[in-house]
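Both ligands and their constituent atoms are indexed starting at 1 by order of listing.
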Amino acid sequence: MTDAAFYSTETAWCPGCGNFDIIQTLTKVLTDMHFAPNQVLLVGGIGQAAKLNQYVNANGFSGLHGRSLPAAVAAKMVNQALTVIVNTGDGDSYGEGGNHFLHNIRRNVDITHFVHDNQIYGLTKGQTSPTSDSCGDSPHGACNLSRPFNPLLVALAAGATFVARTFSGHKEHMASVMRAAIMHQGYALVDILQPCISFNKVNTFAYYKQHTYELEAGYDTGNLEAALLRSMEYGPKIPLGILYQVTRPTYHQQRPAIFDETPIIDKRVSTEPLETLMARFR
Ligand SMILES: Cc1ncc(C[n+]2csc(CCOP(=O)(O)OP(=O)(O)O)c2C)c(N)n1
Ligand SMILES: [Mg+2]
């Protein structure tokens with residue numbers, strides 16, 4: 001199978017948008033990992049990034065704004081055989097979906113969360129998002145009078161078992177991080193720096209190229225303190241790579257009585273006890 005099996009070309013994205021690099025890389029990774037389209041569920045909320053599932057030939061679900069994670073978690077709970085991947089924006093994930101972000105991390109459900117972080121509300125034409133730079137650093141265009149949100153630091157503090165960052169302009173790096181995140185057992189967050197060429201004139205392709213660096217070979221992904229320090233590097237130099245990865249029991253593994261090898265959707269449910277009960281009220 002080629003990645004064309006996953007990819008359909010009609011999109012509503014602006015020519016040059018970083019979302020194209022993300023969709024091309026993701027479909028290639030899924031193909032290289034030998035997934036068939038029916039084995040994958042792609043989930044989004046609302047926004048330009050969130051539309052990705054509508055352009056890929058796999059199972060898809062578009063939820064309400066900020067509600068991609070509850071939908072993804074629910075799907076995984078009833079069908080653990082599915083590979084569930086969320087693709088959605090920084091606004092959808094960290095703003096409107098902030099509470100779901102925090103508490104679904106704690107559950108460690110085995111899903112992958114790719115946040116297309118263009119540091120702006122793209123679909124609604126350029127308002128400030130939680131990750132927009134502070135107005136002190138970036139007084140032009142959308143900027144935060146509030147303190148910018150640090151998703152990697154928050155995810156680490158909430159107990160995420162896989163925390164990474166990549167850049168849509170480095171396709172090979174993005175592919176390797178995506179692959180590792182999909183293979184990870186448990187919740188995996190990948191914050192993908194992504195230029196919004198129409199509305200974010202500060203955090204451009206050139207800006208990310210200049211301001212990012214890859215974690216050095218030998219970096220210890222099991223060291224939480226080191227990961228916390230790297231997650232706070234956001235300014236002249238932003239680290240790219242897997243900041244943290246540990247093995248911890250997933251939501252399913254902690255509840256073996258409910259989640260055995262047969263997914264809930266394949267379990268036969270007998271209505272007999274219910275019918276007997278209802279018969280008493282007739
Ligand atoms: C409940 C609700 N509030 C607000 C909106 C308007 N709205 C649609 S998309 C969006 C922001 C999307 O930003 P982001 O998640 O960063 O995605 P991007 O378009 O940048 O990829 C907002 C505020 C909405 N559709 N529903
Ligand atoms: Mg955005």
>> Taking E214 first and then R230, would you say they form a salt bridge - that is, a charged N and a carboxylate O separated by under 4.0 Å?
In response: no

>> Check R255 with D260, please: is the shortest side-chain N to carboxylate O separation under 4.0 Å?
In response: no

>> I need the atoms of ligand 1 closer than 4.0 Å to a non-hydrogen atom of A49, numbered in the order shown.
In response: 21 (O)

> Of the listed options (L52, I120, N200, T124), which comes nearest to atom 6 (C) of ligand 1 when hydrogens are ignored and any heavy atom counts?
Replying inline: T124

> Can you tell which part of E96 has a heavy atom less than 4.0 Å from ligand 1: side chain, backbone, both or neither?
Replying inline: side chain

>> If you apply the rule side-chain contact (heavy atoms from CB on, under 4.5 Å), what do you find for T88 with H113, and how did you get there?
In response: CA-CA 8 Å; T88 203; H113 188 180; 4.1 Å; yes

> What are the protein N/O/S atoms, named by residue and atom, that sit under 2.8 Å from the Mg ion (ligand 2)?
Replying inline: D90 OD1, N118 OD1, I120 O

> Counting from 1, what ligand 1 atoms have a heavy atom of G47 closer than 4.0 Å?
Replying inline: 9 (S), 17 (O), 19 (O)

> Does the side chain of Q185 come under 3.5 Å of the side chain of Q253 through a donor N or O and an acceptor N or O?
Replying inline: yes

> Is the gap between the ring centers of Y244 and F162 under 6.0 Å?
Replying inline: no

> Aromatic rings Y121 and H65: how do their planes relate, parallel, tilted or perpendicular, breaks at 30° and 60°?
Replying inline: perpendicular

>> Please report the interatomic distance CG(L69) to CG(L102), rounded to the nearest 0.5 Å.
In response: 11.0 Å

> Does the distance from C17 SG to C196 SG come in under 2.5 Å?
Replying inline: no

> Does a donor on one side chain sit under 3.5 Å from an acceptor on the other, for T112 and H184?
Replying inline: no

> Distance only, no hydrogens: is a donor on one side chain within 3.5 Å (strictly under) of an acceptor on the other, for H252 and D110?
Replying inline: no

> Atoms of ligand 1 less than 4.0 Å from D90 heavy atoms?
Replying inline: 15 (O), 16 (O)

>> Counting non-hydrogen protein atoms only, what is the nearest one to atom 22 (C) of ligand 1? Give residue, atom name and distance.
In response: H65 NE2, 3.2 Å

> Numbering the atoms of ligand 1 from 1, which are under 4.0 Å from a heavy atom of G91?
Replying inline: 14 (P), 15 (O), 16 (O)

> For ligand 1, is any non-hydrogen atom under 4.0 Å from N118's backbone (N, CA, C, O), its side chain (CB onward), both, or neither?
Replying inline: side chain

>> Students should be able to answer this: which protein heavy-atom is nearest to atom 9 (S) of ligand 1, and at what distance?
In response: L123 CD2, 3.5 Å

>> If the test is side chain to side chain donor-acceptor pair (under 3.5 Å), which one of D133, D90, T128 qualifies with Q119?
In response: D133

> How far is atom 25 (N) of ligand 1 from its nearest protein heavy atom, and which residue and atom name does that atom have?
Replying inline: I46 CG2, 3.8 Å

> Do D117 and T131 have side-chain N/O donor and acceptor atoms under 3.5 Å apart?
Replying inline: yes

> Which atoms of ligand 1 sit under 4.0 Å from any heavy atom of G122?
Replying inline: 18 (P), 19 (O), 20 (O)

>> Among all protein heavy atoms in this structure, tell me which lies nearest to atom 15 (O) of ligand 1, with the distance rounded to 0.1 Å.
In response: D92 N, 2.7 Å

> Looking only at heavy atoms, is any part of Q48 under 4.0 Å from ligand 1, and if so is it the side chain, the backbone, or both, or is it neither?
Replying inline: both

